[in-house]
Amino acid sequence: MADIYLYNTIARAKQLFEPLDPSNVRMYVCGPTVYDYAHIGNARPVVVFDVLFRLLKLVYGEERVTYSRNFTDIDDKIMNRAAEEGTSIRTISRRYEKVYTEDMAMLNALPPSRTPRATEHLPEMIKMMRTLIDKGHAYEAEGHVMFHVPSMDNYGRLSGHSRDELVAGARVEVAPYKKDPADFVLWKPSSDDQPGWGSPWGRGRPGWHLECSCMIEKHMGETIDIHGGGQDLIFPHHENEIAQSECANDGKQFVRYWMHNGYLTVDGEKMSKSLGNFHTVHDLVQDHPGEALRLSLLTAHYRQPVDFSLATVAEQKRRLDRWYRLVDGVQAAETVPASVVEALSDDLNTPKAIAAIDALAAKETAAELKAAAQFMGLLTQDSSAWFRGDTPDGITVDEIEALIEARSTAKRHKDFAESDRIRDRLINHGVILEDGPSGTTWRKAD
RNA sequence: GGCGCGAUGGCGGAGUGGCGACGCAGCGGAUUGCAAAUCCGUGUACACGAGUUCGAUUCUCGUUCGCGCCUCCA
């Protein structure tokens, strides 16, 4: 069995991965706040941790890995959106939850084992806040429940920020009800026109960090193996999750391996609506194969920044074209090639894994190529479906085949002018002809 | 200001104390009625300056440049 090494953010080093219980490997990844379409940057952790999920299942067994990814379905952004549309937060969150699920499936990301929702864990949150108050780690103030940071000795271990630094570097005004400037909110009051739930501290709603602590504990236990997310979540989100969970559980370790993916830029710049380089996954999958998008996200190591561009997608699409030509009609090998497993076992080195797949890109190793690529969520369709896609514009498959037949006849009579005329006509419909030893085939142009 | 990350050929991107990973693009050739696809060939790349060393792109220090986080953000 392959040893897996993972970079652990809290240790700042690559470590041998040893799950607490190899018969139940537990991974949690922070999921989306469902208030709008997910953009391509949101898709990066999904694809990265999907690769890890696949690797863990290969190494530990298909049924021995639990992967949870939450939906944050209560949040001010959702509330604002609901208010704009004059509808409920549930309508908004369920709508975007559905779109998210569909879009990520287009990227060949496997569904997680569980997708818990924040709003379905209010009792657990209230229980955890009670525990934290009882143990002296939290307090009530003006309808809020606040976590008291100085009550925790080693707060800041994950991010490397000491409480003092945080206070010194604070950019935001300190709310008057805080005992300490570093304290953060577990529960905040809701006005009558805002969504809220009853609690011992009045009607209100949870703070952002609390849900993850509660859902992890409920579904996977007090200690889990892997917790993942984007680097921007290290502070404050994950730092505060540690504070909540470890203080509620008397210091018991919350997460054994913390993993964080790097940022994604688009055309070299931070993606933003004002720069016009904002790509939602929903839009991208209309015009580009999901596998090409997926491969584009995996060309860089997950801890490095990755620059996304349509040129990259086109390049990766051509790489997939080459692979698809080789595996046409080929049955995938039974085992995943060791070179690919080894590359991924070294802290998820996807660029090296892709290179290993390229090394298998030859006629003689097409079965291994297919097995390796499918393991990474690629080459999952028939080659003919990949190349032909949906019916091209303004022409039916029957018409295409009739024209190919007519061209073959012309070719037999050495009527190359007619032959080329037919080729050009099909090119105008986005259909490219390829004459091979066994006849003429066609594919859709890029 | 604090903490952290990075700099590899035209582009993307691994890796290594001593043989130019790999892909894309380019160029030359084979093949093809023309194409496409495929195959073969083709490149003195490791930001800069010191140091350690028989030898540094790789280790150490410094410099420059770029980036992220510091209580909305994957």
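Residue numbers begin at 1 in each chain, while the letters A, B, ... track the order of the sequences.
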Distance, C1' atom - from G15(B) to C59(B), rounded to whole angstrom = 16 Å

Please list, for nucleotides 9-15 of chain B, all pairs of protein and nucleotide N/O atoms separated by less than 3.5 Å.
{"unit_1": "A14(B)", "atom_1": "OP1", "unit_2": "His301(A)", "atom_2": "N", "d": "3.1"}
{"unit_1": "A14(B)", "atom_1": "O3'", "unit_2": "Asn349(A)", "atom_2": "ND2", "d": "3.1"}
{"unit_1": "G15(B)", "atom_1": "OP1", "unit_2": "Asn349(A)", "atom_2": "ND2", "d": "3.1"}

query = Would you say the side-chain atoms of Ser383(A) pair up with the backbone N or O of Arg325(A), donor to acceptor, closer than 3.5 Å?
reply = no

task = Give one of base, sugar-phosphate or nothing for Leu264(A), where a contact means two heavy atoms less than 4.0 Å apart.
result = base

query = Just how far, in rounded Å, is P of C70(B) from NE2 of His238(A)?
reply = 14 Å

Tabulate atom names and distances for all N/O pairs under 3.5 angstrom spanning the protein and nucleotides 34-37 of chain B.
{"unit_1": "C34(B)", "atom_1": "N3", "unit_2": "Arg423(A)", "atom_2": "NH2", "d": "2.9"}
{"unit_1": "C34(B)", "atom_1": "N4", "unit_2": "Arg423(A)", "atom_2": "NH2", "d": "3.4"}
{"unit_1": "C34(B)", "atom_1": "N4", "unit_2": "Asp435(A)", "atom_2": "OD2", "d": "2.8"}
{"unit_1": "A35(B)", "atom_1": "N6", "unit_2": "Asp435(A)", "atom_2": "O", "d": "3.4"}
{"unit_1": "A35(B)", "atom_1": "N1", "unit_2": "Asp435(A)", "atom_2": "N", "d": "2.9"}
{"unit_1": "A35(B)", "atom_1": "N3", "unit_2": "Arg423(A)", "atom_2": "NH1", "d": "3.3"}
{"unit_1": "A35(B)", "atom_1": "N3", "unit_2": "Arg423(A)", "atom_2": "NH2", "d": "3.0"}
{"unit_1": "A36(B)", "atom_1": "O2'", "unit_2": "Glu434(A)", "atom_2": "OE2", "d": "2.9"}
{"unit_1": "A36(B)", "atom_1": "O2'", "unit_2": "Arg443(A)", "atom_2": "NH2", "d": "3.1"}
{"unit_1": "A37(B)", "atom_1": "O3'", "unit_2": "Arg325(A)", "atom_2": "NH1", "d": "3.4"}

remark   = Result for side chain to side chain contact (heavy atoms under 4.5 Å, CB included) between Thr9(A) and one of Gln231(A), His238(A), His260(A) points to His260(A)

task = Considering only atom C1', compute the distance from G29(B) to U64(B) and round it to an integer number of Å.
result = 45 Å

key: Pair assignment for RNA chain B - dot-bracket with | for other-strand partners, Watson-Crick or G-U under 3.5 Å   = (((((((..(((.....[...))).(((((.......)))))....(((((..]....))))))))))))....

ask   = Which one, U71(B), G33(B), A74(B), comes nearest to the side chain of Lys178(A)?
value = U71(B)

inquiry  = Please confirm whether the shortest side-chain N or O distance from Arg12(A) to OP1 or OP2 of C5(B) is below 4.0 Å.
reply    = no

message = Please evaluate residues Ile226(A) and Tyr67(A) with respect to the criterion side-chain contact (heavy atoms from CB on, under 4.5 Å), reporting the C-alpha separation (whole Å), side-chain torsions for both, the decisive distance (0.1 Å), and the verdict.
response = CA-CA 9 Å; Ile226(A) 296 168; Tyr67(A) 168 28; over 6 Å; no

request  = Measure the distance from CG on Asp76(A) to P on C72(B) and round it to the nearest whole Å.
outcome  = 11 Å

ask   = Between C48(B) and U57(B), how far is it from one C1' atom to the other, in whole Å?
value = 13 Å

inquiry  = Looking at Tyr7(A), I'd like to know if the NZ or CZ of Arg303(A) sits under 6.0 Å from its six-membered ring centre while staying within 45 degrees of the ring's axis.
reply    = yes

ask   = To the nearest Å, how far apart are Phe308(A) CZ and A74(B) P?
value = 18 Å

task = With side-chain contact (heavy atoms from CB on, under 4.5 Å) as the test, would you mind laying out the steps for Ile89(A) and Ile74(A) before giving the verdict?
result = CA-CA 7 Å; Ile89(A) 58 168; Ile74(A) 170 64; 3.8 Å; yes

remark   = Ile234(A) CD1 to C70(B) P, in whole Å, measures 11 Å

message = Does either side chain, that of Tyr324(A) or that of Asp382(A), offer a donor lying less than 3.5 Å from an acceptor on the other one?
response = no

key: Check: Arg294(A) side chain, Asn108(A) main-chain N or O, donor-acceptor pair, under 3.5 Å   = yes

task = For the pair Lys179(A) (side chain) and His148(A) (backbone), establish whether a donor and an acceptor sit closer than 3.5 Å, ignoring hydrogens and angles.
result = no

request  = Quick one: which residue pairs count as a ring pair (Phe, Tyr, Trp, His ring centres under 6.0 Å) with a foot in residues 87-116 of chain A, not counting sequence neighbours?
outcome  = Tyr37(A)-Tyr96(A), Phe71(A)-Tyr100(A)

message = For the backbone of Met376(A) and the side chain of Arg54(A), can you confirm whether one donor and one acceptor N or O come within less than 3.5 Å of each other?
response = no

request  = Have a look at Gly41(A) and say if it touches a base, only the backbone sugar-phosphate, or nothing, with a 4.0 Å heavy-atom cut-off.
outcome  = base

inquiry  = Measure CG/Asp232(A) against P/U71(B) and give the value in whole Å, please.
reply    = 13 Å

key: Pairwise P distance for U71(B) and G62(B), with rounding to whole Å   = 28 Å

query = What interatomic distance, in whole Å, is found between P of A47(B) and the corresponding atom of A21(B)?
reply = 15 Å

inquiry  = Run the side-chain contact (heavy atoms from CB on, under 4.5 Å) test on Ile395(A) and Leu403(A) for me, step by step, so that the C-alpha distance in whole Å, both residues' side-chain angles and the decisive distance to 0.1 Å come before the verdict.
reply    = CA-CA 11 Å; Ile395(A) 191 163; Leu403(A) 283 166; 4.0 Å; yes

ask   = So, Lys178(A) side chain and Asp183(A) main chain: donor-acceptor pair closer than 3.5 Å or not?
value = yes

task = I would like to know whether Leu293(A) and Met106(A) meet side-chain contact (heavy atoms from CB on, under 4.5 Å); could you show each step before the answer?
result = CA-CA 9 Å; Leu293(A) 298 169; Met106(A) 292 292 284; over 6 Å; no

key: d(CG, Leu320(A); C1', C24(B)) in whole Å   = 13 Å

Main-chain N/O of Asp76(A) paired to Asn80(A) side chain as donor or acceptor, under 3.5 Å = yes

ask   = How close or far is atom P of G4(B) from atom OH of Tyr7(A), stated in whole angstroms?
value = 10 Å

query = Hey, is the main chain of Leu379(A) close enough, under 3.5 Å, to the side chain of Gln374(A) for a donor-acceptor pair?
reply = yes

ask   = When you compare A30(B) with A45(B), how far apart are their P atoms, in angstrom units rounded to a whole number?
value = 29 Å

message = Which residues in residues 365-377 of chain A have a heavy atom closer than 4.0 Å to any atom of RNA chain B?
response = none

message = Using modelled atom types and a 3.5 Å cut-off, is there a donor and acceptor pairing between side-chain atoms of Glu434(A) and backbone atoms of Thr441(A)?
response = no

remark   = 5'-most contact on RNA chain B (nearest-nucleotide basis), Arg44(A) vs Ala361(A), goes to Ala361(A)

message = Rounding to an integer number of angstrom, what distance separates C46(B) and C11(B) when you compare their C1' atoms?
response = 16 Å

task = Could you check whether Lys414(A) gets within reach of a base, just the sugar-phosphate, or nothing at all, counting any heavy atom under 4.0 Å?
result = nothing

inquiry  = Distance check, P atoms only: U53(B) and C5(B), in whole angstrom units.
reply    = 28 Å

remark   = Residues of residues 90-117 of chain A with a heavy atom under 4.0 Å from any atom of RNA chain B, listed by number, are none

request  = Check whether the side chains of Thr72(A) and Asn70(A) place a donor and an acceptor atom closer than 3.5 Å, and report yes or no.
outcome  = yes

inquiry  = Testing His219(A), Met220(A), His227(A) one by one against Arg26(A) for a side chain to side chain contact (heavy atoms under 4.5 Å, CB included), which residue passes?
reply    = Met220(A)

task = For Asp358(A), answer base if it contacts any base atom (sugar-phosphate contacts may also be present), sugar-phosphate if it contacts only those atoms, and nothing otherwise; contact means non-hydrogen atoms under 4.0 Å.
result = sugar-phosphate

query = Rounded to whole angstroms, how far apart are CZ on Phe235(A) and C1' on A74(B)?
reply = 17 Å

